[in-house]
Number of protein chains: 2
Amino acid sequence: MSLSYSHIKDKISESGLKVTHQRIVILNTVLQMDNHPTVEHIYESIKDANPSISLGTVYKTVEAFVNNGLLSKVSTNEGQMRYDPKLDNHGHIYCSNTSEIIDYFDDELNDMILSFFKNKRVSNLKIKNITLQINGDKIDPEKDVLIK
Amino acid sequence: MSLSYSHIKDKISESGLKVTHQRIVILNTVLQMDNHPTVEHIYESIKDANPSISLGTVYKTVEAFVNNGLLSKVSTNEGQMRYDPKLDNHGHIYCSNTSEIIDYFDDELNDMILSFFKNKRVSNLKIKNITLQINGDKIDPEKDVLIK
DNA sequence: TCTTAAATAAGAATAATTATCAATTAGGAA
DNA sequence: TTCCTAATTGATAATTATTCTTATTTAAGA
């Protein structure tokens, strides 16, 4: 396993964190999940193969990842925080009826918003990021949402 | 008091909810607070004048207001939900170091985003609203953030 | 290999929110 | 106006998500 995870290990190491088995498993899992998991989701998904990793460790680990720029934290109107391995500028579509968060990447939109704020004078604020949230309900929960 | 609150009473009544003393006090408070209060903030701010209104009632009431279109619910990266009496389209500036949420109204931006999505085909999603979140840190916590 | 600060597991503690339920009340019907 | 009923409320228990504590283990550099 140590070989196949070399990419993950490098990411963790480069972020300034110690490389541990737990961190490798958790980061790898979130990178593969692609559905903005909660801590509980992550825990459930690693539990069988890694029964010794505790829920508390998952909490501490994702928080460390957020602080070290490996994940971003997404809040919703339903309590649990969710975690996103995609760090480049993108929006989120929240489906309140299915609790889904769908990434929305659009360079044109990004440029538009960015250039809009270029022309604004924002005083007394160090902007970290600007995110667009599209809130709605999925019409057919079985089918995907598509924007094109 | 019944006279001076007639506007508030009408709003509650028109939303389909029964008009109660508790609801009048709570809605009036949130409308005046203007800082996206948490339930705890609202409770603290009404408590002295209304010691009989319980915390649970504040929770139930703001949730009823959200469901009936009198308030909107705003989530942050720090646990508590916050409530916003402004329902027209606007963005939020989150200052993570001061926990402030500042409204950002800009017609030009609204139009821009709206017309952007006019030209997109969004399938299988009933869009409820689109919000821009500007995340950052206040540089001087004593001073205001301004965008112009 | 040794050392040490950082990370972990287990479980207790806390914070925010929701649920329960008996008593009260708003608002429409009589 | 009075009555009726379903909705609302207060008090408090329960739940959920998250953080804290502490003894033990471990990564990574000397």
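Proteins come first, then strands; the chains are lettered A, B, ... in the order of their sequence lines, and each starts at number 1.
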Aromatic centroids of His41(A) and His36(A) separated by under 6.0 Å: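 No; His41(A) has its ring centre 6.0 Å or more from that of His36(A).
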
Spacing of NE2 belonging to His92(A) relative to CD belonging to Glu100(A), to within rounding of 0.5 Å: 13.0 Å

[X] [atom1] to [N] [atom2]: how many Å, rounded?
X        : N       : atom1 : atom2 : result
Glu40(A) : dT18(D) : CD    : P     : 9 Å
His21(B) : dT9(D)  : NE2   : C1'   : 12 Å
Gln80(B) : dT16(D) : CD    : C1'   : 15 Å
His41(B) : dA15(C) : NE2   : P     : 15 Å
Glu44(A) : dT16(D) : CD    : P     : 14 Å
Glu78(A) : dA16(C) : CD    : C1'   : 15 Å
Tyr83(B) : dA16(C) : OH    : P     : 13 Å
Lys18(A) : dA5(C)  : NZ    : C1'   : 6 Å

Taking only N and O in the side chain of [X], is any of them less than 4.0 Å away from OP1 or OP2 of [N]?
X        : N       : value
Arg23(B) : dT9(D)  : yes
Thr20(A) : dT8(C)  : yes
Gln22(B) : dG10(D) : yes

Nucleic acid contacts of residues 51-77 of chain B, taken as heavy-atom distances under 4.0 Å to DNA chain D: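 Correct list: Ser52(B), Ile53(B), Ser54(B), Thr57(B), Lys60(B), Thr61(B).
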
Residues Lys47(A), Glu44(A); criterion salt bridge (Lys or Arg N to Asp or Glu O under 4.0 Å); working and verdict: CA-CA 5 Å; Lys47(A) 190 165 73 176; Glu44(A) 286 304 316; 3.3 Å; yes

Verdict with reasoning, Lys86(A) to Asp34(A), per salt bridge (Lys or Arg N to Asp or Glu O under 4.0 Å): CA-CA 9 Å; Lys86(A) 293 168 222 72; Asp34(A) 197 35; 3.4 Å; yes

Common cluster, Val74(A)/Val58(A), ILVMFWY with side-chain heavy-atom separation under 4.5 Å: no

